[in-house]
Structure formats: C-alpha cells, structure tokens
2 protein chains.
Amino acid sequence: MAVTIRDVARQAQVSVSTVSRALSAPGLVKEATRRRVLDVVQGLGYQPNRAARSLITGRTGNLGIVVPDLENPFFPAVLRGVQTRAGEAGTSVFFCDSREDPLTEAELVRTMAPQVDGVVLCASLMSDEQIAELAGVTPLVLINRIVPGVSSVLMDSASGMDQVVTHLESLGHQHYVYLGGPAAVWSNNRRTQGLAGRAQLLGSFEPNFAGGVTAAEQALRTGATAFIAYNDLMALGALSHLAAVGVGVPQQVSVTGFDDILYAAMCSPALTTVTMPTEEGGKVAVDLLAALLDGGPAEHRELPTTLVARASTGEAG
Amino acid sequence: MAVTIRDVARQAQVSVSTVSRALSAPGLVKEATRRRVLDVVQGLGYQPNRAARSLITGRTGNLGIVVPDLENPFFPAVLRGVQTRAGEAGTSVFFCDSREDPLTEAELVRTMAPQVDGVVLCASLMSDEQIAELAGVTPLVLINRIVPGVSSVLMDSASGMDQVVTHLESLGHQHYVYLGGPAAVWSNNRRTQGLAGRAQLLGSFEPNFAGGVTAAEQALRTGATAFIAYNDLMALGALSHLAAVGVGVPQQVSVTGFDDILYAAMCSPALTTVTMPTEEGGKVAVDLLAALLDGGPAEHRELPTTLVARASTGEAG
DNA sequence: GTGAAAGCGCTAACAC
DNA sequence: GTGTTAGCGCTTTCAC
C-alpha cells in the first residue's frame with residue numbers, strides 16, 4: 001500500500017496527531033515542526049487517504065451535480081463553472097444527466113447523497129415538494145429554480161425576456177408569438193412571466209431542435225412577424241424550418257432564442273438571443289453550497305442576463 | 001448518524017460478519033439467514049458506508065473520465081455512454097474537462113487517481129510516454145488513442161475518412177483540401193492517414209468554429225471544390241465563412257465534417273459527416289476498465305464509423 | 001454456516 | 001505544542 005501518516009510521523013520524529021494537525025490545522029503546531037513535517041510529506045509523496053478521513057469527519061470532499069441534458073451546451077457551460085470553483089477548493093465533482101426526467105433526477109440525487117457533501121441541481125423538473133424533501137436528504141443548491149427554504153441561484157430570465165420584447169418593439173414588430181417550452185418546466189413559466197402578456201402563447205413543445213421545428217410550423221399560421229423561442233435549441237429548429245419552407249429571416253420573420261449557446265453565434269443567420277451567466281452561475285452555486293456546509297442558512301442569488309442582438313432579428317416587414 | 005451494520009446485525013439477530021457476508025458474498029450464508037438479513041436491511045434502509053468499505057477493500061466504486069472540451073458535443077455524447085454503463089454497475093463517475101491542455105490532463109488524472117478505481121481518458125493530447133506513465137499510476141482506458149500496453153477503444157476514423165473521400169469521388173470531385181486539426185493531435189494524424197494522400201493538406205487549425213473560419217479562408221485560395229474538415233465544429237465554421245463571402249454550398253464548394261455532433265444535422269445546409277459510435281465507445285471503455293480491475297490484460301477494441309451524406313455535399317461544379 | 005476480533009488510515013478528545 | 005488513545009463502519013482472517 002501507499003505511504004501512511006505513520007510513515008510520515010516516524011520519519012519526522014513526531015506523533016501522528018502532529019502530522020495530522022500540521023496538515024489540517026496548521027495554526028496548532030509550532031512553525032518549525034510544521035516545516036519539518038511538510039518536508040517529509042513532500043519527500044515521501046504522502047497523500048492522506050480520503051476514505052479514512054471521510055470515515056471520521058463525515059465529509060467526503062466531493063460534490064454532485066445533476067443536469068437535465070448534457071447535450072444542451074448550456075449545461076456543460078454551467079459545469080465548467082462548477083468544476084472551476086470546486087477545483088480551487090480541492091473538491092471533486094460527480095456529474096449526472098437525468099435525461100429530462102424528474103424521477104431519474106430524484107433517484108440520482110439519492111444515489112449521490114451518501115458520497116457527496118452536497119448536490120447542485122440544475123433546472124430541476126421536480127415539484128417543489130420533491131425538491132424540498134431532497135433538501136432534507138443532502139445539502140442542496142438549485143440553479144434556475146426557486147423553492148422556498150432551499151438555496152438557489154437564478155439567472156434572471158424574466159428580465160432577459162423583457163429585453164427581447166423591447167428589442168423587437170424597437171424594430172417595429174407588433175405581433176409576436178412565443179414558442180413555449182414544456183408547460184411543466186419552471187423556467188418556461190418564468191420566461192412567460194417576462195413576456196408580461198405581450199406575446200401570443202404557443203406551447204408546449206420539446207425544448208430541443210425537433211420541438212422548434214414543430215413550433216415554427218404552427219407559428220407560421222399565426223401571421224406573427226416575430227418568433228420568440230423558449231431556448232436556442234428550439235430557435236435553431238425554427239430557423240431550420242423557416243429555411244426549408246423559404247421564409248426569409250429576418251426579412252419576413254424575426255427569430256429569437258434564449259441561452260446564447262455556442263451554436264447561436266454559429267448558425268446563419270446568427271441568432272439574436274439572451275446571454276446567460278452560465279459559468280458564473282456554476283461558481284456561485286458552489287459558493288452557496290460551501291456556505292451551507294459551514295452551517296449557514298439557505299441563500300438566494302440573482303444573476304443578470306443580457307440581450308445579444310445578431311442577424312436573426314430585423315425591422316418588421 | 002445513519003444506520004450502521006451493527007444496527008442491522010442486532011435486529012436480525014446475527015453477527016455483523018454475517019450481515020457483511022449476506023451483502024457482499026451471498027454464497028457464504030444460509031439462504032434463510034440471508035433472507036432475514038436482507039429484510040432488515042430493507043426495513044431499516046441500511047446503506048453500507050462507502051468510506052468504511054473503501055478503507056478496507058481499497059476500492060472506491062468510482063471511476064473518472066477526462067475529456068478535452070465538454071462544449072464539443074462529441075464528448076457529452078461519450079459521457080452518456082460512460083454514465084449509463086457505470087450506473088448499471090453501481091459505479092459513480094467523476095468528470096473533468098482539461099480545456100485541451102495536456103498538462104492539465106495529466107494533473108487531473110493524478111488528482112483523481114486516489115479516489116477512483118480507474119480513469120477513462122478521452123482523445124488525450126499527452127505524449128505516449130506520459131500516458132504510459134499514468135497507466136502505471138491508475139488503471140487507464142483510452143478513447144480514440146492508441147498507446148502500446150494501454151487499454152483502448154478506437155472509433156475507426158481512418159475508415160470514416162476513407163468513406164468521405166470515396167463519397168466525394170463519386171460526386172465527381174477531383175481536388176479536395178483537408179482543413180486539418182492541431183498537428184499534435186493524434187486523431188488528426190489518424191484522419192490524415194485515412195486520406196491516404198488523396199487530399200491537399202492544410203493545417204493546423206484550432207479544432208473549433210473559429211478554426212474552421214480561418215481554415216476556410218485559406219482553403220478558398222486553393223481552388224479546391226471540396227473542403228474536408230477535421231471535425232464538425234470546424235466544418236460549421238467553414239460553412240459560416242462560405243456563407244459570409246457568398247460561396248454557394250454545395251453548388252460551388254462541398255463541405256464535410258467529422259463526428260456527427262447534434263448540430264451537424266441542424267445547420268443549413270445540413271452537414272455531410274461521419275457518425276461516431278460515441279455512446280457505445282463510452283460503454284466499451286467502462287467494460288475495458290472493469291476487465292482491467294479484474295486483473296485482466298490491456299485490451300484494444302475498434303468500433304466502426306459511418307458516412308452520413310447530407311446537403312453540404314453535391315456534384316462537383 | 002456463523003461469530004469474535006483485529007485492524008484499514010485517519011481525526012479528535014483528552015492528557016501532559 | 002505535542003503525544004496517547006479511542007474509535008469512525010466495515011471486511012476479513014481465524015476459530016468454532
């Protein structure tokens with residue numbers, strides 16, 4: 001087996017507790033002793049056994065994150081933030097993809113719980129009650145979801161949606177249609193609120209490319225001059241359908257997305273959309289989790305979103 | 001604290017060792033006893049403490065995976081496969097994104113090593129020597145990379161590239177240019193081999209959208225009628241540049257990608273590309289890792305790839 | 001087939 | 001400031 005704390009203690013001529021303290025409570029040992037211990041640690045390449053440490057402290061040094069769909073680039077972006085911040089703290093990250101299924105989500109959180117100190121739950125599809133219950137099983141932080149009594153970080157999509165509509169208004173549009181995501185999705189309701197009744201609602205479609213195609217098909221029949229999609233994936237689907245049926249974007253119809261995923265800038269016409277503070281959101285979530293683990297109360301943070309006007313929107317025809 | 005093995009033992013009227021055996025070596029206890037124990041386990045909701053178990057067995061029940069870029073949809077697709085197969089075995093997955101940096105990659109593997117039973121390394125950018133050395137630190141399985149003595153699963157991109165060229169030939173093209181990925185990338189060399197000298201080489205570009213834009217700019221000067229990109233992200237960049245400068249695809253220039261990421265089918269014109277067995281690759285990697293942990297030798301598997309002809313290729317102009 | 005007991009490597013009282 | 005010691009929850013000899 002590898003080198004243990006006892007090996008270090010022997011070679012540094014101190015007791016095991018001193019080694020332990022030198023490593024995890026540096027203030028409690030004399031500077032000179034600490035130095036000597038650390039030298040030996042370095043020399044031997046000693047790495048504390050995490051299992052042994054966990055067994056006593058009850059902490060694992062791990063954290064979990066559950067996302068609905070890894071293939072929606074929005075979530076990898078959030079993951080980056082989580083990984084970055086967690087890495088700084090020496091924490092490892094378990095990830096899971098729930099495939100947009102609330103039951104799977106709950107199961108994954110429960111499975112992870114014993115081997116992590118807490119879980120970050122991204123755009124959860126569960127009910128408030130289910131989430132509240134899980135928050136009792138393990139420390140929990142939500143991203144883009146609010147449940148009373150549970151820590152959360154919200155990217156302000158209501159404001160983002162407001163910016164979208166204002167942008168379209170400034171271009172002279174008067175008749176918009178909202179290509180809605182699944183009715184049961186919390187973010188969808190939030191975005192609908194941001195519309196404040198200023199758009200005709202169409203819904204509920206799958207929040208992906210195929211859903212966007214279907215939605216655009218229906219939206220064309222409304223005679224609206226602007227399509228506001230629930231997210232970028234749907235907007236891309238809409239763009240594809242409009243191209244297929246020969247409707248000019250933005251000459252005949254303007255299209256907007258939401259999230260500003262990598263591909264929003266890559267498609268043609270480039271998509272007007274709302275930038276989400278994804279990486280920042282991931283980092284803040286980790287911070288909130290840390291605060292929770294330190295015994296703090298549940299907290300809520302809100303992060304701003306920004307409209308990015310690109311080529312898919314233009315003057316009303 | 002939670003319910004321990006002792007609680008189960010007491011209530012089932014057996015010793016802790018019997019409980020332990022009933023759970024991890026069912027063959028060693030009488031059927032009746034085993035039943036009784038399992039009933040109590042169920043009733044109490046007992047879950048063995050993984051830290052305690054690890055401390056003795058030396059196994060963590062975890063596995064790690066390192067990918068170069070989570071935002072390239074190719075990798076989330078592989079992750080899905082890994083997660084699926086690992087989940088079936090009750091194994092949790094740590095993920096890490098190396099941001100296309102070989103040093104980070106090595107560091108991540110070393111960091112993970114103590115808390116996982118093995119690591120899956122995706123499209124590694126490290127040298128053969130570095131990889132071989134890491135394989136000594138922890139059980140290792142490579143995806144899309146071959147290093148002697150190290151287990152690996154390869155998606156056969158040489159054959160894929162061959163299919164691409166054959167397809168272009170059948171459309172009457174005679175002058176192709178290859179928009180190459182980074183020269184140091186193993187997969188890039190592999191794909192170049194698949195070209196077998198039948199295309200003019202241009203390189204080395206960043207394997208992303210921006211790289212594709214730059215590459216297309218240069219490729220236009222060659223007068224070639226078909227652009228073969230290292231991967232889909234580059235192909236999308238090329239498509240974007242061609243649209244920007246008013247070059248018709250596929251009327252004037254045909255474009256092909258590689259990987260068949262989600263967006264390959266979504267862009268317009270839809271991209272002709274090569275489908276990679278991503279999810280399957282992830283699953284096989286987990287299997288190889290399991291075999292390794294069971295004391296088996298390093299193994300190598302090869303998975304087939306298939307050309308998907310879409311709208312971005314057509315008859316030579 | 002089952003039980004008793006010895007640790008796995010570490011931290012946290014508790015003494016000094 | 002530092003050392004001694006008692007476990008954390010589990011698996012695994014070794015007896016019976």
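All chains are named by letter (A, B, ...) in the order of the sequence lines, taking the proteins before the strands, and each is independently numbered beginning at 1.
- B:Q11 places no side-chain N or O within 3.5 Å of a backbone atom of B:V40 that could act as its donor or acceptor partner.
- Residue A:T33 is classed as a sugar-phosphate contact, given heavy-atom separations below 4.0 Å to backbone atoms only.
- B:S17 and B:S20 share no side-chain donor-acceptor pair at under 3.5 Å.
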Quick one: which protein N/O atoms are closer than 3.5 Å to N/O atoms of nucleotides 10-13 of chain C? Pair and distance per line, please.
residue, atom, partner, partner atom, Å
C:dC10, OP1, A:Y46, OH, 2.5
C:dC10, OP1, A:N49, N, 3.1
C:dC10, OP2, A:I5, N, 2.4
C:dT11, OP1, A:R53, NE, 2.6
C:dT11, OP1, A:R53, NH2, 3.0
C:dT11, OP2, A:S20, OG, 2.8

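- Relative orientation of the A:F95 and B:F95 rings is perpendicular, given thresholds of 30° and 60° on the angle between their planes.
- Judged purely by distance below 3.5 Å, without hydrogens or angles, the side chains of A:T305 and A:D156 never pair a donor atom with an acceptor atom.
- When the P atom of D:dG7 is taken as reference, atom CG of A:L55 falls 14 Å away, rounded to whole Å.
- D:dT2 atom P lies 14 Å from atom CZ of A:R35, rounded to whole Å.
- The one candidate from B:L63, B:V116, B:V120, B:N62 that meets the side-chain contact (heavy atoms from CB on, under 4.5 Å) condition with B:V93 is B:L63.
- In terms of position along DNA chain C, the nucleotide closest to B:R36 lies nearer the 5' end than the nucleotide closest to the other residue of the pair B:R36 and A:A51.
- Proximity of B:L121 to B:R145: side-chain heavy atoms (C-beta onward) are nowhere separated by under 4.5 Å.
- One atom, CZ of B:R10, and another, P of C:dA4, lie 13 Å apart when rounded to the nearest Å.
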